[in-house]
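The first residue in the sequence is number 1, and the count goes up from there.
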Amino acid sequence: ALTQAAPQTEEGAMITLQLPYRPPYDVAAMLAFYRLRAIPGLERVDGEGYERWHRVGDRLARVRISQGKGHSLQLSIHDLPPAALPDLLYRVRRMWDLDADMQRIGARLGQDPLLASLQARWPGVRLPAGWDEYEVMLRAIVGQQVSVKGAITILGRLVARTEAQFGVAQLPTPAQLCELNLDGIGMPGSRIRTLQGLAQALASGELSLISASDEQLLALPGIGPWTVAYWRLRCGLDPDAFPASDLV
């Protein structure tokens, strides 16, 4: 259920919604996670909330998420076409893991002594997902074998170069990525080829991230088990995915 605090009367109006969750919920931990991974030019995290731009056609909406009333998050949206609201709500609920039943999850994890102690120390920790499957895949590829800070710097450069070349401040679409100049962006040639191989497969219709199998993803150059497991985990497609080969 959700409540609408500021009615939407026309395109361009602000909508404010309260999105309920089952407690406990460590909102501060989620904000800390997203703060470290905010892409310059696309996202911003301050002491109280998370903001990002969301493009729908030629419209650019501003989305903000913060602690709401009681057991809820507050979602504020500026300049969103009305027809795009259901899709945006789906993205937010998945990204912020709002549908998790923490009591049920806790009961299962609590059967293991080590997990039970971790759970007691950090109650309410959720699975932070991503905005969509494509963005998370870009994050996964760019983040291969580099620090979080390094990956975010490169993703910010992708946004800046897309704006310079195509006039739109966003991560490049697959078609744009096929044409984007990536010289000197800070990635090795092998990773650039991985990005371009993904973009070509998506732009041609050969691959769909919504329905892709592990075998299809692993067949792409430069994508291995870690990338696939991390991507499935951060998309919420498989909350039990485990990138076991991660160096950390």
Taking every non-hydrogen atom, the tightest pair across [X] and [Y]:
{"X": "Gln165", "Y": "Glu179", "value": "NE2-O, 3.0 Å"}
{"X": "Pro86", "Y": "Ala83", "value": "CD-O, 3.5 Å"}
{"X": "Ala203", "Y": "Pro174", "value": "N-CB, 4.0 Å"}
{"X": "Arg139", "Y": "Ile39", "value": "NH2-CD1, 3.4 Å"}
{"X": "Leu19", "Y": "Arg93", "value": "CB-NH1, 3.9 Å"}
{"X": "Tyr230", "Y": "Pro243", "value": "N-CB, 4.2 Å"}

Whether the side chain of [X] engages the backbone of [Y] through a donor-acceptor N/O pair (distance < 3.5 Å, no angle test) should be reported.
{"X": "Gln18", "Y": "Lys69", "answer": "yes"}
{"X": "Thr227", "Y": "Ile223", "answer": "no"}
{"X": "Gln144", "Y": "Gly222", "answer": "yes"}
{"X": "Arg35", "Y": "Asp46", "answer": "yes"}
{"X": "Arg62", "Y": "His78", "answer": "no"}
{"X": "Gln200", "Y": "Gly197", "answer": "no"}
{"X": "Arg232", "Y": "Pro239", "answer": "no"}
{"X": "Ser76", "Y": "Thr16", "answer": "no"}
{"X": "Asp26", "Y": "Val125", "answer": "no"}
{"X": "Gln176", "Y": "Thr173", "answer": "yes"}

Validation row: [X], [Y] side chains within 4.5 angstrom (heavy atoms):
{"X": "Arg126", "Y": "Met30", "value": "yes"}
{"X": "Glu51", "Y": "Val63", "value": "no"}
{"X": "Ile154", "Y": "Met187", "value": "yes"}
{"X": "Leu171", "Y": "Trp131", "value": "no"}
{"X": "Val228", "Y": "Leu218", "value": "yes"}
{"X": "Arg64", "Y": "Gln74", "value": "no"}
{"X": "Ile141", "Y": "Trp231", "value": "no"}
{"X": "Leu182", "Y": "Leu177", "value": "yes"}

Nearest-0.5 Å distance that lies between atom [atom1] in [X] and atom [atom2] in [Y]:
{"X": "Leu17", "Y": "Ile77", "atom1": "CG", "atom2": "CD1", "answer": "5.5 Å"}
{"X": "Met137", "Y": "Leu198", "atom1": "CE", "atom2": "CG", "answer": "6.0 Å"}
{"X": "Leu233", "Y": "Asp240", "atom1": "CG", "atom2": "CG", "answer": "9.0 Å"}
{"X": "Ser66", "Y": "Leu31", "atom1": "OG", "atom2": "CG", "answer": "8.5 Å"}

Checklist entry - Is the NZ or CZ atom of Arg37 positioned over Phe33's six-membered ring, under 6.0 angstrom from the centre and within 45° of the axis? => result yes
Next on the checklist: Classify the ring geometry of Tyr21 against His71: parallel below 30°, tilted from 30° to 60°, perpendicular beyond 60°.
Outcome noted: tilted
Item to check | Parallel, tilted or perpendicular, as decided by the 30° and 60° cut-offs, for the rings of Tyr50 and Tyr34 | outcome: tilted
Next on the checklist: side-chain contact (heavy atoms from CB on, under 4.5 Å), that's the test. Do Gln216 and Glu206 meet it? Break it down for me.
Outcome noted: CA-CA 10 Å; Gln216 287 177 298; Glu206 176 187 341; over 6 Å; no
Checklist entry - If you group Ile, Leu, Val, Met, Phe, Trp and Tyr by side-chain heavy-atom gaps below 4.5 Å, do Leu42 and Val45 land in one group? => result no
Next on the checklist: With salt bridge (Lys or Arg N to Asp or Glu O under 4.0 Å) as the criterion, how do Glu133 and Arg234 come out once you've worked through the C-alpha distance, each side chain's angles and the decisive distance to 0.1 Å?
Outcome noted: CA-CA 9 Å; Glu133 290 84 0; Arg234 289 290 315 282; over 6 Å; no
Checklist entry - Do any pairs count as a salt bridge (charged side-chain N to carboxylate O under 4.0 Å, His left out) and have a residue in residues 154-168, sequence neighbours left out, and if so which ones? => result none
Item to check | Residue pair Thr194, Leu220: steps toward the side-chain contact (heavy atoms from CB on, under 4.5 Å) verdict | outcome: CA-CA 7 Å; Thr194 298; Leu220 294 172; over 6 Å; no
Checklist entry - Yes or no on side-chain contact (heavy atoms from CB on, under 4.5 Å) for Leu180 and Leu158, after CA distance, side-chain angles and deciding distance? => result CA-CA 9 Å; Leu180 194 64; Leu158 277 176; 3.8 Å; yes
Item to check | Pair Leu217-Leu209, side-chain contact (heavy atoms from CB on, under 4.5 Å): steps then yes or no | outcome: CA-CA 9 Å; Leu217 295 172; Leu209 289 179; 4.0 Å; yes
